[in-house]
Amino acid sequence: MANRKPEKSKDQSRDHYFYRVYDVTCLIPKGRVSTYGAIADFLALGSARMVGWALNHCHSAEEHVPAHRVVNRLGELSGRLHFATPTLMEERLESEGVKVKDHKIVNMDDYFWHPRQLEEY
DNA sequence: GACCTGACGCCCC
DNA sequence: AGGGGCGCCAGGT
């Protein structure tokens, strides 16, 4: 995981990066949320922007990626417009027990989950 | 090939 | 304490 990927092909490393982002995203427990920065920090690859870029292509993934559990560091649903419908993201969050008010998660600190917590167990 | 933009976030004022 | 600037890396124009 800490090992940097040798350069191989650019396409391969891109797909690999996609896979890593999807993988971490799928680790977010139901009813919890994480942030672009936390995922970028955990992967130690690219930047928070690249996480958003990767998630933007999650429709290419065969398996369902719970992209609705990824928000910006303020708890705002900045990616909601990229879902099938503008309200789908908050609908999914609400259905998991996460309160959303005005496109923003209420009590973000209570729901925030950092991938690093996985290793602390 | 330069320039802008983005599902971001830190630093500075 | 709120707002703006800039770095980040890849794609689109």
Side-chain angles (χ1 to χ4, degrees):
Chain A
M1 190 175 289
N3 231 333
R4 203 62 62 230
K5 199 99 183 140
E7 41 221 294
K8 298 206 170 183
S9 158
K10 205 167 189 179
D11 289 335
Q12 274 189 345
S13 64
R14 184 198 61 185
D15 291 340
H16 179 74
Y17 182 74
F18 279 16
Y19 179 81
R20 298 296 300 278
V21 172
Y22 298 158
D23 195 30
V24 173
T25 303
C26 289
L27 292 178
I28 303 173
K30 184 180 177 183
R32 304 291 295 278
V33 298
S34 194
T35 67
Y36 305 98
I39 294 173
D41 179 45
F42 180 73
L43 293 178
L45 285 174
S47 61
R49 280 194 184 276
M50 289 188 65
V51 175
W53 166 66
L55 287 177
N56 188 20
H57 291 72
C58 69
H59 57 77
S60 306
E62 298 177 0
E63 110 186 69
H64 290 161
V65 180
H68 59 280
R69 296 183 192 144
V70 183
V71 297
N72 71 7
R73 88 168 182 93
L74 299 178
E76 296 167 341
L77 279 53
S78 49
R80 62 187 184 84
L81 297 178
H82 291 262
F83 283 78
T85 71
T87 56
L88 183 58
M89 187 173 184
E90 53 187 87
E91 284 172 9
R92 284 183 177 164
L93 287 173
E94 295 268 3
S95 74
E96 294 182 358
V98 179
K99 302 277 173 61
V100 176
K101 178 79 174 181
D102 204 18
H103 308 316
K104 186 174 178 180
I105 294 179
V106 181
N107 295 331
M108 167 71 173
D109 294 340
D110 292 341
Y111 299 106
F112 176 67
W113 179 87
H114 195 294
R116 188 67 69 187
Q117 292 178 2
L118 210 58
E119 298 179 346
E120 289 179 359
Y121 278 114

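Only a predicted model underlies this, so the values are computations on that prediction, with no experimental measurement involved. Per chain, numbering begins at 1; letters A, B, ... match sequence-line order.
Between the CG atom of A:Leu43 and the P atom of C:dC8 there is a distance of 18 Å, rounded to whole Å. Rounded to whole Å, the distance from NE2 on A:His57 to P on C:dG12 is 7 Å. The nearest whole Å value for the distance from the CZ atom in A:Arg49 to the P atom in B:dG9 is 10 Å. The interatomic distance linking A:Arg80 (CZ) with B:dG6 (P) rounds to 15 Å, in whole Å. For the pair A:Trp53 CH2 and B:dG6 C1', the computed distance is 12 Å after rounding to whole Å. For A:Tyr17 and C:dC9, the OH to P distance is 10 Å, given to the nearest whole Å. At whole-Å resolution of the value, CG in A:Asn56 and C1' in B:dC8 are 14 Å apart. The interatomic distance linking A:Asn72 (CG) with B:dG6 (P) rounds to 15 Å, in whole Å.
For the pair A:Arg69/A:Arg32, no side-chain contact is recorded, criterion being any heavy-atom separation below 4.5 Å from C-beta on.
Closest to the side chain of A:Arg73, from the set B:dG9, B:dA7, C:dC9, is B:dG9.
The CZ atom of A:Phe18 lies 14.5 Å from the CG atom of A:Asp23; values are rounded to the nearest 0.5 Å.
The gap from the P atom of B:dG1 to that of C:dC8 amounts to 22 Å, rounded to the nearest Å. If you take atom P in C:dA1 and the same atom in B:dC8, they sit 25 Å apart, rounded to whole Å. A distance of about 25 Å separates the P atoms of C:dG2 and B:dA7, rounded to the whole Å.
The only option from A:Val24, A:Leu27, A:Val51 that meets the side chain to side chain contact (heavy atoms under 4.5 Å, CB included) definition with A:Phe42 turns out to be A:Val24.
Taking 4.0 angstrom as the limit, A:Ser78 places a side-chain polar atom (N or O) nearer than this to OP1 or OP2 of B:dC8.
When the side chains of ILVMFWY residues are joined at heavy-atom separations under 4.5 Å, either directly or via intervening members, A:Met89 and A:Trp53 end up in two distinct hydrophobic clusters.
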